[in-house]
Amino acid sequence: MKIWQCQQCGFEYDEAKGWPEEDIAPGTKWEDIPDDWSCPDCGAAKADFEMVEVG
Amino acid sequence: MKVVIVGTGVAGASAAIALRNEGHRGPITLIGSDPEDPYRRPPLSKDFLGGTMPVERTRLKPPTIWAEKEIELIKGANAESIDVGGKTIHLDSGQVLQYDQLLLATGGRPKVLKSEFMDMTHVYTLRHLRDVAPLRNELNAGSHLVVVGAGLIGSEVAATAKGLGVKVTILEAASAPIARLMPAWLGEKVASLHKDMGVKMVMNARIESFNQYEGGVRISMASGNRIDANAVLVAIGMTPNIELAANAEIEVADGIVVDAYGRTSQDSVWAAGDVANMENGFLGGRYRIEHWTNAQDHGVAVAKNILGQNAPYNPVPWCWSDQYGVSLQICGWPDASDDVGVRGDINSNSFLTFFHRKGRLVGSIAFSKPKELRAIRELIGKSPFISPELLSDPKVDLAELAKSQIEAEQFENKRNETAAIKDLVRER
Ligand SMILES: Cc1cc2nc3c(=O)[nH]c(=O)nc-3n(C[C@H](O)[C@H](O)[C@H](O)COP(=O)(O)OP(=O)(O)OC[C@H]3O[C@@H](n4cnc5c(N)ncnc54)[C@H](O)[C@@H]3O)c2cc1C
Ligand SMILES: [Zn+2]
């Protein structure tokens with residue numbers, strides 16, 4: 001499985017879970033998140049996230 | 001050219017990688033007293049303490065990167081002294097390293113109470129990865145944690161412990177939480193987040209003594225109250241690690257004194273991150289920044305300057321914190337302001353405040369408004385003369401405003417430059 005991790009604060013975006021707090025539905029692909037989205041924890045830009053393989 | 005870096009925190013580690021990425025081919029040695037590979041401190045009080053983040057994901061970089069980038073990583077070794085004349089550094093292992101350029105990224109250590117209190121069992125501080133497991137072992141449902149200090153780390157640990165079903169009391173000497181970074185009326189907002197979750201908040205707290213008893217610590221307060229804690233976390237700030245520099249006669253004040261490029265008072269010795277005392281290029285004066293992003297960016301900036309790029313570093317400081325799912329972000333210098341504005345509903349958990357000084361935007365504090373805070377931070381750095389009315393108008397998109405505002409400013413700067421060059425040519 002892969003997740004996207006904020007390189008600044010470590011926040012993790014999991015496509016399966018989405019981010020309902022900001023109306024990003026579970027299942028939303030990383031590519032489909034708008035480019036001007038910010039890390040919900042630290043405010044870093046979407047470009048500051050990197051994919052990590054887990055599990 | 002051989003570069004030696006002391007400190008495997010984010011400033012030192014980021015500098016090492018930046019040196020390689022910027023084309024440095026000579027040897028790089030990264031020394032740290034921490035026995036671990038470089039890791040992120042922010043999760044230590046949040047997800048990692050709460051047990052929802054595995055240790056691998058606290059790592060700053062994949063474990064293979066040091067070998068790949070040919071960075072010699074010496075872990076678990078303390079640098080004991082520097083001979084600035086002979087350009088050598090002496091480690092506690094007895095090893096002596098020669099350097100051409102030396103970067104000190106020694107960060108800080110927790111401030112403490114009297115050692116007789118700190119030496120008691122069940123009393124903790126939190127800065128290193130190794131500090132987490134013993135503290136987490138104490139966070140059992142129903143046990144009582146007392147947090148001394150309602151700064152960012154203390155507040156975060158309180159929130160994490162609460163999430164684990166622990167009873168929590170916070171003792172704070174100031175009149176409101178996070179007093180060093182935000183005005184009391186916003187600190188109250190943080191206090192109510194905690195109170196709503198059932199944390200007991202004691203402000204203006206004066207601790208008289210700690211007494212050990214089996215299974216915990218009894219805290220006596222100047223007010224006469226006694227509090228029995230199963231565990232105590234002391235989170236009252238940090239002290240910069242300046243001794244290595246001071247003993248080598250490198251100028252120190254509150255931190256190691258550096259210029260805008262990261263140079264210390266000694267030739268070929270540089271400093272970056274939490275330990276660096278730098279100039280505030282926007283408002284004047286000197287200060288230290290104790291936040292993650294600065295440590296990372298400063299490390300990278302000084303690495304480039306070591307390679308001769310000569311780019312001054314002048315950041316707009318900012319940090320974030322996460323408590324009960326509310327993302328708190330602070331940027332700039334709210335305490336330097338003479339005016340404050342609000343965007344959104346201050347009675348909700350999602351709003352932004354911004355601070356002006358003589359018409360200039362100098363700071364912002366946001367509750368769960370990451371995108372808007374990012375826009376404000378850009379404005380503070382690049383186009384700060386912007387009216388409060390515009391910023392508080394809910395119809396104005398802050399990200400777009402920042403973009404157009406900064407473009408206009410750059411266009412104007414270019415025009416002025418061109419005009420100045422033309423004038424010069426004409427004069428000749
Ligand atoms: C629990 C916690 C949570 C935090 N959360 C946030 C947050 O949410 N947001 C935010 O912006 N900031 C946060 N911070 C602050 C942030 O982590 C620091 O600003 C950052 O770690 C500073 O990095 P640094 O590399 O300058 O110093 P440090 O991280 O302190 O690293 C310095 C390193 O140098 C080593 N060292 C010192 N002296 C010597 C010597 N003589 N020889 C060898 N090694 C030496 C130390 O052991 C240490 O490993 C948090 C800090 C903590 C402790
Ligand atoms: Zn982040």
Side-chain angles (χ1 to χ4, degrees), chain A, chain B residues 10 14 17 39-48 52-62 65 156 291-297 318-323 325-331 349-350 352 364-378 397-400 402-403:
Chain A
M1 195 187 91
K2 45 191 188 180
I3 56 160
W4 277 262
Q5 185 177 40
C6 173
Q7 288 310 292
Q8 185 151 275
C9 74
F11 174 87
E12 294 166 1
Y13 177 76
D14 179 344
E15 292 181 335
K17 294 189 192 136
W19 188 249
E21 281 88 333
E22 289 177 58
D23 297 327
I24 297 174
T28 304
K29 291 259 172 289
W30 179 248
E31 304 84 81
D32 295 335
I33 292 179
D35 285 340
D36 68 352
W37 182 76
S38 294
C39 172
D41 269 2
C42 77
K46 186 183 173 191
D48 292 332
F49 279 67
E50 268 175 28
M51 192 188 68
V52 282
E53 296 277 357
V54 294
Chain B
V10 63
S14 303
I17 293 170
Y39 55 87
R40 303 169 197 283
R41 294 189 202 285
L44 302 189
S45 47
K46 310 179 187 80
D47 303 11
F48 184 59
T52 54
M53 180 187 273
V55 68
E56 309 82 66
R57 265 180 271 158
T58 64
R59 298 285 171 229
L60 190 63
K61 293 284 166 190
I65 194 166
E156 287 170 2
H291 305 316
W292 181 261
T293 314
N294 168 67
Q296 186 170 32
D297 295 351
W318 77 299
C319 69
W320 74 94
S321 172
D322 187 351
Q323 294 164 36
V326 174
S327 158
L328 186 65
Q329 299 177 321
I330 305 170
C331 80
N349 279 338
S350 173
L352 179 134
S364 181
I365 298 177
F367 285 62
S368 293
K369 286 278 180 206
K371 196 170 141 188
E372 301 200 324
L373 186 108
R374 199 145 60 89
I376 297 266
R377 186 174 163 233
E378 288 278 304
D397 180 313
L398 287 189
E400 270 164 29
K403 201 163 155 251

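Residue numbers start from 1 in every chain, and the chains themselves are labelled A, B, ... in the order their sequence lines are given, proteins ahead of strands.
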Taking only residues two or more places apart in sequence or in another chain, which ones pass side-chain contact (heavy atoms from CB on, under 4.5 Å) with B:Pro54?
B:Glu56, B:Arg57
Yes or no on ring-ring contact (aromatic ring centres under 6.0 Å, His included) for A:Phe11 and B:Trp320, after CA distance, side-chain angles and deciding distance?
CA-CA 12 Å; A:Phe11 174 87; B:Trp320 74 94; over 10 Å; no
The interface call for A:Ala45 against chain B, heavy-atom contacts under 4.5 Å, is both
Trace of the side chain to side chain contact (heavy atoms under 4.5 Å, CB included) decision for A:Asp14 with A:Met1:
CA-CA 9 Å; A:Asp14 179 344; A:Met1 195 187 91; 4.0 Å; yes
For the candidates B:Arg40, B:Arg377, B:Lys61, which exhibits the highest count of non-hydrogen atom pairs separated by less than 4.5 Å from chain A?
B:Arg40
Please look at A:Glu12 and chain B and tell me whether the side chain, the backbone, both or neither of the residue comes under 4.5 angstrom of a heavy atom of that chain.
side chain
Side chains of residues 369-376 of chain B: which donor-acceptor partners sit under 3.5 Å, not counting sequence neighbours?
| unit_1 | atom_1 | unit_2 | atom_2 | d |
| --- | --- | --- | --- | --- |
| B:Lys371 | NZ | A:Asp36 | OD2 | 3.2 |
| B:Glu372 | OE1 | B:Arg343 | NE | 3.2 |
| B:Glu372 | OE2 | B:Arg343 | NE | 3.3 |
| B:Glu372 | OE2 | B:Arg343 | NH2 | 3.3 |
| B:Arg374 | NE | A:Ser38 | OG | 3.1 |
| B:Arg374 | NE | A:Gly43 | O | 2.8 |
| B:Arg374 | NH2 | A:Ser38 | OG | 2.9 |

